[in-house]
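Within every chain, numbering begins at 1; the chains are lettered A, B, ... in the order of the sequence lines, protein sequences first and strands thereafter.
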Amino acid sequence: MTNHSNNPTIGGKTSMKTIREAINDALREEMRRDPTVIILGEEVSGGAGCDGEDDAYGGVFGVTKGLMPEFGRERVIDTPISEAAIIGAAAGAANNGLRPVAELMFFDFIGVSFDQIFNQAAKFRYMFGGKSKTPMVIRGTVGGGWRAGAQHSSMLHSIVTHVAGLKVVMPANAYDAKGLMVQAIRDDDPVIFLEHKVMYDIACEVPDEQYSIPFGEASFPRQGNDVTIVAISNMVTHAITVADILAEEGIGCDVIDPRTVSPLDHEAILESVEVTGRLVIIDEGNPRCGLATDIAGIVAEHGFYSLKAPILTVTAPHTPVPFAPELEDAYLPNAEKLMVAVREVLAAGRSGA
Amino acid sequence: MPYSTEFLLSAYRTMKTIREFEERCVKEFEGGNIPGFTHVSNGQEAIAVAACIDLSDKDIIGSTHRGHGHCIAKGCDVGGMMKEIMGRATGLCKGKGGSMHIADIDKGMLGANAIVGGGPPLVNGAALAAKTLGTKNVALSFNGDGSANQGTVFEAMNLAVVLKLPHVFVYENNGYAEGTAANYGVGSNSLTDRNAGFGMPAECVDGLDFFATYEVLKTATERARNGGGPTAIEAMCVRFDGHFIGDPQLYRGKDEIKNARKNQDCLKIFRERVIAEGWLKAAAMNAIDKEVMVEIETAVVDALAAPHPDPATDLMSDVYCSY
Ligand SMILES: Cc1ncc(C[n+]2csc(CCOP(=O)(O)OP(=O)(O)O)c2C)c(N)n1
Ligand SMILES: [Mg+2]
């Protein structure tokens with residue numbers, strides 16, 4: 001197996017940081033380093049024009065807290081509720097010397113701004129014969145678990161992954177979140193950076209210094225030879241849970257977190273399946289034309305002869321996200337559902353190589 | 001007396017019902033009985049009631065994330081609403097929608113909407129249907145000072161003018177879009193002037209004054225019903241609670257909410273007016289207060305006892321009409 005970068009240790013001090021803090025650190029340090037980096041979105045600071053405290057929210061999830069006091073309202077821009085204008089301004093500014101980080105408070109709001117993303121920002125470089133660069137980041141919160149209902153809980157990564165010209169990043173821990181955000185800001189292409197709203201408080205050791213993680217390189221939160229589990233974003237949590245339980249039974253799970261879904265580290269997945277012959281993909285997105293079927297397709301096409309059992313996928317069902325807790329819990333993929341699939345794939349098919 | 005006793009009692013009862021419903025939602029949310037994001041509209045009751053009191057079930061309204069008051073004013077069952085907000089199977093939307101998606105098509109309530117600016121284009125559609133079918137029904141969209149800045153709303157206003165649709169755009173200007181001041185987010189000095197710029201009659205009214213609000217909306221609704229096209233009404237009001245329940249509201253001035261509850265309470269203003277004019281007796285309204293308390297208490301007790309949805313049957317249903 002080639003040695004893909006798996007959280008290489010970086011010299012110097014580390015601190016326990018949540019994903020929220022890690023992204024905040026990345027933004028702050030990049031803004032200090034590069035005066036062309038700006039932030040814009042709704043409530044990214046909060047309190048604009050109000051009598052009370054400034055920086056009242058720092059983003060509704062607190063991710064950009066403290067940045068406006070340091071960099072001022074010229075660089076941390078609270079906008080009216082106008083997502084098409086926000087994304088368009090970011091794309092246009094990116095073509096004209098800035099490196100904007102635009103926020104969609106909930107990524108579901110991509111709906112009101114999608115033309116500026118997929119017809120405009122994503123296609124400029126190609127349509128203009130490679131003559132333009134659009135170094136922008138769109139941050140958005142994704143995913144269910146908050147009982148936030150059908151219009152605030154979607155997992156729409158597959159929609160943006162489908163669009164050529166966009167890069168799509170989905171960190172699953174604070175270390176990756178920081179390094180990937182730094183890369184997203186420095187990258188010359190439009191990058192969609194998707195933050196799962198149930199993960200913000202999850203912490204790990206994060207280097208204090210600034211570092212970047214290249215796109216298209218998976219990480220391996222657990223390694224093993226019996227079955228490959230591909231998981232992204234919050235699903236990595238479930239994959240690790242399952243891998244740790246099975247490890248006690250002597251079953252080795254190779255957990256692959258692609259970290260970026262566009263570009264996607266095909267090689268890491270194919271090389272792992274070459275060893276294990278068994279693959280389960282867990283994805284919070286809807287099942288049709290989704291990340292899980294995409295990866296299954298890639299492995300079916302390029303790794304067919306390595307497979308000892310049919311590929312299984314664990315995804316949300318083909319429904320919007322329901323509100324009631326019982327329904328939302330049933331909707332979301334989890335460790336139990338993944339365990340069932342992993343055991344099934346372990347029991348199925350041909351044994352031996 | 002310019003208003004019938006029946007009208008006045010009905011207006012008071014509905015406003016009071018909204019107030020109690022919302023304050024109870026805050027309590028139940030804090031007690032852990034309401035999941036998710038919940039936005040309450042206490043303080044803004046007069047506008048919802050003034051806008052809906054003359055509408056029939058065939059007239060359509062489209063609401064926002066802050067939709068409980070609009071629902072109640074349009075005649076949605078408070079028991080069914082409370083069950084929905086608590087995510088119960090017998091809620092108005094079977095627990096699938098929640099606070100931000102309450103809808104009751106039979107009552108002409110097209111739905112709350114968690115996408116800011118999502119409603120007005122749809123309400124244009126309801127107005128277009130009414131116009132095309134010649135039903136004489138009208139459609140009314142609720143908007144905020146924040147949603148006023150959404151491109152979808154601009155487009156909807158222009159289309160309504162172009163097609164002369166029976167659509168009344170109501171802008172509840174409570175001064176805030178989350179933690180952003182209306183006077184920051186609305187670039188124009190006056191939202192009403194901007195609305196007029198779309199080519200429709202536009203007026204600004206004191207939304208704390210039920211009667212003033214009712215009169216301008218009545219004119220607007222009649223204009224729409226008689227083929228006169230859209231109108232935009234901006235109603236100035238106050239939000240008594242946070243943007244969502246649990247909002248620390250750091251952006252609000254010191255004592256702002258306390259003062260508003262004391263001096264800018266549309267229910268108190270209504271009571272004082274009708275008593276001063278000799279239109280209603282305090283005792284009649286006190287009696288309504290008691291009945292409303294019982295109604296809301298019953299709604300909560302019933303909702304807490306209501307069945308939860310069953311994932312086995314309810315998760316996959318209702319995605320399509322046919323499969
Ligand atoms: C398209 C979209 N953008 C942003 C949001 C987040 N959001 C919900 S309500 C709100 C503020 C709305 O302000 P306003 O229209 O004044 O209504 P109010 O909350 O004051 O009733 C925002 C920004 C959203 N739900 N949908
Ligand atoms: Mg407002």
Side-chain angles (χ1 to χ4, degrees), chain A residues 41-60 62 73 78-86 88 105-106 108-113 115-116 144-153 286 316-332, chain B residues 34-37 65 84-89 91 93-101 113-118 144 146-152 175-187 243-244 247-254 256 308-312 314-319:
Chain A
E42 295 154 18
E43 311 294 337
V44 289
S45 169
C50 299
D51 292 338
E53 283 180 35
D54 248 351
D55 208 37
Y57 283 122
V60 291
R73 287 203 175 272
D78 276 336
T79 65
I81 308 170
S82 311
E83 283 82 8
I86 295 167
M105 188 186 286
F106 291 81
D108 311 61
F109 309 161
I110 183 187
V112 254
S113 54
D115 181 70
Q116 296 293 320
W146 265 62
R147 321 313 190 193
Q151 295 174 341
H152 278 57
S153 307
N286 295 112
H318 188 57
T319 76
V321 186
F323 165 68
E326 302 74 17
L327 297 183
E328 192 182 30
D329 289 344
Y331 171 94
L332 292 169
Chain B
I34 297 178
F37 295 110
H65 58 287
E84 185 59 34
I85 291 167
M86 291 188 180
R88 303 305 168 112
C93 306
K94 304 183 194 165
K96 291 182 172 183
S99 166
M100 289 198 285
H101 303 291
N113 207 312
I115 299 299
V116 168
S147 72
N149 306 312
Q150 188 69 282
T152 50
Y176 295 97
E178 297 208 0
T180 299
N183 62 19
Y184 171 87
V186 179
H243 170 62
F244 50 89
D247 180 3
Q249 301 195 77
L250 304 174
Y251 49 88
R252 288 186 97 162
K254 207 170 146 276
E256 187 185 318
H308 294 267
D310 177 2
D314 301 335
L315 176 61
M316 298 302 293
S317 60
D318 300 323
V319 181

- Within a strict 4.5 Å, meaning less than it, do heavy atoms of the H152(A) and M100(B) side chains meet?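 Result yes, sub-4.5 Å side-chain heavy-atom pair found.
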Looking at [options], which one has more heavy-atom pairs under 4.5 Å with chain A than the rest?
options	result
E178(B), R252(B), E256(B)	E178(B)
D318(B), D247(B), V186(B), V116(B)	D247(B)
P248(B), A181(B), A182(B)	A181(B)

- Item | Interface residue of largest heavy-atom contact number with chain B, from G47(A), A48(A), P317(A), A324(A), under 4.5 Å |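 That would be A48(A).
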- Go through V112(A), V321(A), L327(A) and name the one with the most non-hydrogen pairs under 4.5 angstrom from chain B.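 The answer is L327(A).
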- Query: Where do P320(A) and A150(A) come nearest, in terms of heavy atoms and distance?
  - Reply: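 Taking every non-hydrogen atom into account, CB-CB, 4.2 Å.
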- Query: Non-hydrogen atoms of chain B under 4.5 Å away: do they reach the side chain of Y331(A), the backbone, both or neither?
  - Reply: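 Backbone plus side chain of Y331(A), per the 4.5 Å heavy-atom cut-off to chain B.
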- With a 4.5 angstrom heavy-atom cut-off, could you sort out which part of E83(A) is near chain B: side chain, backbone, both or neither?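 It is both, since atoms from each part get that close.
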- Message: Are H243(B) and H65(B), when compared by the centres of their aromatic rings, separated by less than 6.0 Å?
- Response: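 Yes, close enough.
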- Query: Distance-only, no hydrogens or angles: does the E53(A) side chain make a donor-acceptor pair with backbone N or O of L250(B) under 3.5 Å?
  - Reply: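 Here the side-chain-to-backbone pair does not exist.
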- Ignoring hydrogens and angles, tell me if any N or O in the side chain of K96(B) forms a donor-acceptor pair with the backbone of S317(B) under 3.5 Å.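 Yes.
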With only heavy atoms counted, which part of [X] is less than 4.5 Å from chain A, the side chain, the backbone, both or neither?
X	result
I34(B)	neither
Y184(B)	side chain
N183(B)	side chain
T152(B)	side chain

- Would you call R73(A) and D55(A) a salt bridge, using N to O less than 4.0 angstrom?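 So R73(A) does not pair with D55(A) through a salt bridge.
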- Message: So, taking the atom named CZ in F323(A) and the one named CZ in R147(A), what distance separates them when rounded to the nearest 0.5 Å?
- Response: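 Result: 9.0 Å between the selected atoms.
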- Nearest-0.5 Å distance that lies between atom CG in D78(A) and atom OG in S45(A):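 One finds 5.0 Å between CG of D78(A) and OG of S45(A).
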